[in-house]
Amino acid sequence: MIEEKNQRKPFIYDVTLRDGNQALPNPWNNAQKKDVYLQLLKLGVQGAEVGFPASSEMDFESVKELAKLTAQMAEEGNVEAQNIVVSGLARCVPSDIQRCWDAVKYAPHPRIHTFIAGSPLSMEHVLHMTPEQVKERAVSCVKLAKSLVGDKGDVEFSVEHFGDCLENMDFVIDELKAVVEAGATTINLPNTVERYRPALYVNQIKQVYDALPKNITISVHCHNDLGMATAATVESFYAGANQLEVSLNGLGERCGNTNFYEVVVALANSGTPVDIHLDRIYETAILISQWSGVNIYSRAPLIGAEAIVHRSGIHQDGASKTKDLKKGAYRPIDYSMIGRHQNDSLGFTSQSGRTAVYEIVTKFGYKLSLAEAAELQPILKAASEKEGELSADRVLDIFREHFINVNGHLIFNNIEVIPDENRFIFHFKKDGEAIVKSVTAEGPVEAALILMREIGMPVELIKYRQLVVPEKDKLWAGRGLSRIVLKVNDKEVEGRGVSSDTLKANMRAIFCGVNLLYK
């Protein structure tokens, strides 16, 4: 295998505007293609196949417009436009090749990409040509393409269905040597239909790499029929391929083309430098989904809604303990790498543990102990078994119900203050009985503690804090929040009280704590 991985950089060649677009139920118009192309420039791709000029007048005009736009942007100083290779696709048909050149020639770096099938199946049953005829056609068309591009551009040649050429590799290599001599400088070896394990395809790439001059760029173009296009593409790079043909959001025929994001992130994670603005990936994925009308699969690697979600208790615990690290216990990357500014999302299901409770509640700004999270977990689990996965807001609702303003033996209604007499009159219920009781004390908290002794529910005050409900709790944000730690014997609890009146928040916190201690 090729080991100088840290010395080589991949040439990222995007085919969204050609292969991706042709597979859309509603292909993009020229204005939409321009939006996609500008996003490709923002990502910093080195090459883009922007259409198939001979396929329609609209596609011809689109390719020509994008080539001219690139030239204009390059003149204005746009570095990406100055460097990008703008390519059009053409069959090994002279009229296709001429049409392609007429469209792409305006770009600073134009390319004609021509192709013809090379597998025994396709030559016999689709093209109805002999291998000798295929080779002759390939050579003559590459010569024509080279004569058109001259020194301004370059020629790429593809052996369509290369993945099916396991049995005739000698012929393919002989054909490729001839097209290289005819002027092709990029040789593309597509896995047009993915049928076998990646290792077989990668071995074919290695055979071609070893057979051709080292100044020739080897390219791979993989479809995802068996779900292994990314693996085949990435491993092909380490076997000698340098140009990697990819598509935004994996758009393409059938199961799609190799996914752009997966390839560049896998390479970067493996220590290979990638000249792509990785932090624009997530933004791009969302835009392409909107523009194409193709939803992102919820579990799509890197960009799917579920890609960052952990539900198993074990996974949630590991995610929580490594949430501040670049490398997470159950996370492939720091997602800020691709412009996605959330690393781990903990959902709550019947499989979740106390860590999920702790993380969800504390993200709303509340302080919660792990012991309290463990106490709340079975309550949430019971709710989840009935309702399915609980949203963060639902978890917060249940937290409020069981830990804030909690009613039990006691229900607080009101407190009257008579300042001149240092007297406090409590209105409350105990076990359903309405009670009004007056207590004399220096302050309301002391009065409440005296009240508890007098009604046979004594508690010791350990800690008291007066706060404001966090802004992330949209229901109660801005109200007073009292947190009062109370103790009976060896048991401590934190009573929480919320009210727009600070005094009442204090009282609710004490009544809450007493109810938790005397269940």
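Heads up: numbering here begins at 1 and tracks the sequence. None of the values given here were measured: they were computed from a predicted structure.
Under a 4.0 Å N-O distance rule, the pair Arg99/Glu57 qualifies as a salt bridge. For the pair Asp174 and Lys135, the salt-bridge criterion is met [side-chain N within less than 4.0 Å of a carboxylate O]. Taking a cutoff of 4.0 Å between a charged side-chain nitrogen and a carboxylate oxygen, Asp344 and Lys323 do not qualify as a salt bridge. Between Lys68 and Glu65 there is no salt bridge, since none of the side-chain N atoms of the basic residue sits less than 4.0 Å from a carboxylate O of the acidic one. Under a 4.0 Å N-O distance rule, the pair Glu245/Arg18 does not qualify as a salt bridge. Electrostatic pairing of Arg340 and Glu283 does not count as a salt bridge here, judged by no charged N lying under 4.0 Å from a carboxylate O. A salt bridge links Asp164 with Arg195: at least one charged nitrogen is closer than 4.0 Å to a carboxylate oxygen.
Judged by distance alone, the side chain of His128 and the main-chain N or O of Glu124 form a donor-acceptor pair under 3.5 Å.
Residues Leu189 and Ile187 have side chains in contact (heavy-atom distance under 4.5 Å, counting atoms from C-beta outward). Put simply, the side chain of Thr185 does not reach to within 4.5 Å of the side chain of Val155, judged on heavy atoms. Looking only at side-chain heavy atoms (C-beta outward), Ile360 and Leu396 stay at 4.5 Å or farther from each other. Looking only at side-chain heavy atoms (C-beta outward), Asn83 and Gln46 stay at 4.5 Å or farther from each other. In this structure, Val246 and Asn259 have side chains that are not in contact, with every pair of non-hydrogen atoms separated by 4.5 Å or more. No side-chain heavy atom of Phe11 sits less than 4.5 Å from a side-chain heavy atom of Asp275. Contact check for Lys143 versus Val139: side-chain heavy atoms found under the 4.5 Å cut-off.
Here CG of Leu40 is found 6.5 Å from CD1 of Ile84. Values are rounded to the nearest 0.5 Å. Atom NE2 of residue His277 and atom CG of residue Leu41 lie 10.0 Å apart, to the nearest 0.5 angstrom. In this structure, Leu390 CG and Ser350 OG are separated by 9.5 Å, a value rounded to the nearest 0.5 Å. For the atom pair Lys146 NZ and Ile112 CD1, the distance stands at 10.0 Å (nearest 0.5 Å). Rounding to the nearest 0.5 Å gives a distance of 10.5 Å between CZ of Arg280 and CG of Leu278.
For Arg8 and Phe237, the positive end sits near the middle of the six-membered ring, less than 6.0 Å away and at most 45° from its axis. A cation-pi arrangement is absent between Lys474 and Phe364, since the terminal nitrogen or guanidinium carbon is not both under 6.0 Å from the aromatic centre and inside a 45° cone about the axis.
By the neighbour-count criterion of 12 heavy atoms within 6.0 Å, atom CD of Glu181 is sparsely surrounded, having that number or fewer from other residues, nucleotides or ligands. For Glu167, the CD atom counts as loosely surrounded, since its 6.0 Å shell holds 12 or fewer non-hydrogen atoms of other residues, nucleotides or ligands. Around the NZ atom of Lys363, the shell of radius 6.0 Å holds more than 12 heavy atoms that belong to other residues, nucleotides or ligands. Heavy-atom neighbours of Glu61 CD from other residues, nucleotides or ligands within 6.0 Å: above the threshold of 12. More than 12 heavy atoms of other shown residues, nucleotides or ligands fall within 6.0 angstrom of atom CG in Asn203.
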What's the verdict on side-chain contact (heavy atoms from CB on, under 4.5 Å) for Ile205 and Phe162, showing C-alpha distance, side-chain angles and the deciding distance?
CA-CA 9 Å; Ile205 302 300; Phe162 173 78; 3.9 Å; yes
Could you go through Glu160 and Ser122, starting from their C-alpha distance and side-chain angles, then the distance that decides it, and tell me whether this counts as side-chain hydrogen bond (donor to acceptor under 3.5 Å, both in side chains)?
CA-CA 9 Å; Glu160 190 189 15; Ser122 294; 5.8 Å; no
Evaluate the salt bridge (Lys or Arg N to Asp or Glu O under 4.0 Å) criterion for residues Asp59 and Lys64: first the C-alpha distance (whole Å), next the side-chain angles of each, then the deciding distance (0.1 Å), finally the verdict.
CA-CA 9 Å; Asp59 221 38; Lys64 184 169 74 172; over 6 Å; no
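His315 and His310 have tilted rings, their planes meeting at an angle from 30° to 60° on a 0 to 90° scale.
Between Tyr366 and Phe399, the distance from one ring center to the other falls under 6.0 angstrom.
Considering all non-hydrogen atoms of both residues, Thr322 and Arg331 come closest at O-NH2, 3.1 Å.
Under the side-chain contact (heavy atoms from CB on, under 4.5 Å) rule, Leu248 has a single partner from Val45, Thr16, Leu287, which is Thr16.
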